Amino acid sequence: MNAKLRIAVAGAGLIGRKHIELIAASPDCALAGIADPSPASKALAEANDAPWYADHRALLQHEKPDGLIIASPNALHLSMALDCVAADTPALIEKPVTDTVASAQRLCAAVARSGVPMLVGHHRRHNPVIKAARETVMGGKLGELTAVVGLWLLKKPDDYFEVGWRREQGGGPLLINLIHDIDNLRFICGDVAEVQALTSNKARGFAVEDTAALLLRFANGALGTVTVSDATPSPWSWELTSGENAVYPKQDQPCYVLAGTAGSLAVPTMELWSYTGRAGWHEPLARSPVKSSSFDPLAEQLRHFLAVIVKREAPVVSVEDATRTLAVVEAVSEAARRGARVSPGEIMEQAA
Ligand SMILES: NC(=O)c1ccc[n+]([C@@H]2O[C@H](COP(=O)([O-])OP(=O)(O)OC[C@H]3O[C@@H](n4cnc5c(N)ncnc54)[C@H](O)[C@@H]3O)[C@@H](O)[C@H]2O)c1
């Protein structure tokens, strides 16, 4: 890449600030401005010697950045992304792509009509461990995939819930956290065809769920379970096992087990279990490591976004793909509410 691409950020909160740090650290791009109505973000723009706007539309109009990172609250993703389409500005939209499947479908249609490049921030797909797990499954090393186990069990601190929306529907672990695991599992194992689910708010007593138990049927016929709770001291979550983000003390434990007819894989510990000779429960079981490199997936996502802007790479996570991940999460909520099996396809049809 020759000239530095000029990248702006809309929403300079928790994750927006991380994007701003990564832009500053990249040799291939520069910060074109920050749009965020908060006084703290104005100070941040000054500290970064970058233009500040309260409104992203004014930033798009005056700064004409090469790309915009949308890191605002979920309910603003659709309107901001549509404004990017109108301004012909490529965008990296934080996950979830939008707050509902219906609004995500509106965005998909606008992106398809315009051809403006858009990437969704399911950044874990850029983690080499997730890529290696996908290659192991898709490359047939496990034989035919039969069963998938996912755990997302951890303890959110009690003061996390002092923010009101985190105690209400939509602010809980299904839409905020499980969506990452669903996206990982879709990427590694293929699409989810059907879900059943139970949710509970017994541990914390808030309107929103704190615990959920899911049954999944994958399109390839494999069955899966995913158990979720944000109210338990436990090492078994992507956050605590992957080492992806230093704020979570890393634990040497897996959070997914992918089981096939020829072997099984623990992720992210990347231990492959199989029989080297005759297979059977009395035979010696071999454990071998699956190699993968290690780098920051958020930095890799930014590198990829720059390549998407100049159309050198197709988005690893398109708005259509992220909409299918969101449809699985909506299917989980719907299945728990109705006490019925729900297919993400049904959710997509109802929303269309
Ligand atoms: N990829 C990840 O791992 C990850 C992690 C955290 C958050 N996220 C996603 O990023 C988004 C932001 O989450 P967060 O935790 O950083 O939230 P946050 O509340 O910390 O920050 C949101 C920011 O948006 C600003 N904002 C509000 N209205 C705005 C507007 N009209 N225009 C511009 N800015 C506006 C707020 O002032 C705030 O600074 C969410 O969609 C969330 O799901 C992704």
Side-chain angles (χ1 to χ4, degrees), residues 8-22 33-45 47-48 50-61 63 65 68-84 91-100 103-104 107 118-127 130 152 154 156 160-166 168 170-184 187 230 237-240 242-248 296-302 304-305 316-317 319 322 325-326 329:
V9 175
L14 187 69
I15 195 78
R17 285 168 183 262
K18 181 75 193 159
H19 287 299
I20 290 165
E21 283 169 23
L22 289 167
I34 295 175
D36 186 321
S38 73
S41 74
K42 191 172 185 190
L44 184 69
N48 278 274
W52 173 84
Y53 295 86
D55 189 306
H56 67 284
R57 285 162 297 195
L59 181 150
L60 290 173
Q61 192 188 340
E63 301 301 329
L68 180 70
I69 298 181
I70 298 175
S72 55
N74 300 347
L76 299 175
H77 290 190
L78 174 66
S79 58
M80 286 186 167
L82 290 176
D83 289 332
C84 285
L92 163 54
I93 309 163
E94 263 303 343
K95 53 57 60 176
V97 55
T98 58
D99 53 349
T100 65
S103 58
L107 180 60
M118 297 262 164
L119 172 68
V120 181
H122 283 293
H123 68 275
R124 294 177 189 183
R125 288 205 200 183
H126 302 281
N127 191 314
I130 293 294
W152 190 85
L154 51 59
K156 286 183 179 172
Y160 174 93
F161 296 94
E162 285 167 9
V163 180
W165 65 265
R166 292 178 172 155
E168 303 300 328
L174 293 188
L175 192 58
I176 306 289
N177 310 104
L178 174 74
I179 191 163
H180 280 297
D181 296 285
I182 293 294
D183 192 71
N184 276 350
F187 187 57
D230 67 21
S237 62
W238 179 258
E239 280 80 349
L240 270 77
S242 68
E244 201 175 82
N245 184 340
V247 301
Y248 302 102
D296 178 3
L298 279 171
E300 167 58 15
Q301 177 179 257
L302 177 61
H304 174 59
F305 180 44
V316 164
V317 191
V319 288
T325 291
L326 181 60
V329 177

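All values derive from a computational prediction rather than experimental measurement. Just so you know, these numbers use all the heavy atoms, side chains as well, and skip hydrogens, waters and symmetry mates. Start at 1 with the first residue, then count along the sequence. Start at 1 and go down the list; that is how both ligands and their atoms are numbered.
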Discussion item. For a 4.5 angstrom cut-off between non-hydrogen side-chain atoms, does Leu326 reach Leu175?
Written reply: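 A side-chain contact exists here, since the closest heavy-atom pair is under 4.5 Å.
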Worksheet entry | Presence of salt bridge, Asp183 and Arg125, under 4.0 angstrom |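 Looking at Asp183 together with Arg125, the answer is yes, because their closest N to O distance falls below 4.0 Å.
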Worksheet item: What residues come within 4.0 Å of ligand 1, counting heavy atoms only?
Response: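 Answer by chain and number: Gly11, Ala12, Gly13, Leu14, Ile15, Ala35, Asp36, Pro37, Ser38, Ala71, Ser72, Pro73, Asn74, Leu76, His77, Met80, Glu94, Lys95, Pro96, Gly121, His123, His180.
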Worksheet item: Among Lys18, Glu244, Glu94, His180, which one satisfies side-chain hydrogen bond (donor to acceptor under 3.5 Å, both in side chains) with His123?
Response: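 Result for side-chain hydrogen bond (donor to acceptor under 3.5 Å, both in side chains) with His123: Glu244.
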Worksheet item: Do Asn177 and Lys156 have a side chain donor and acceptor closer than 3.5 Å?
Response: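 The criterion, which ignores hydrogens and geometry beyond distance, is satisfied for Lys156 and Asn177.
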Worksheet item: With under 30° as parallel and over 60° as perpendicular, where do the rings of His126 and His304 fit, or are they tilted in between?
Response: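 It falls in the tilted class, 30° to 60°.
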Discussion item. With rounding to the nearest 0.5 angstrom, report the CZ to CD1 distance, Arg17 to Ile34.
Written reply: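 The CZ atom of Arg17 sits 8.0 Å away from the CD1 atom of Ile34.
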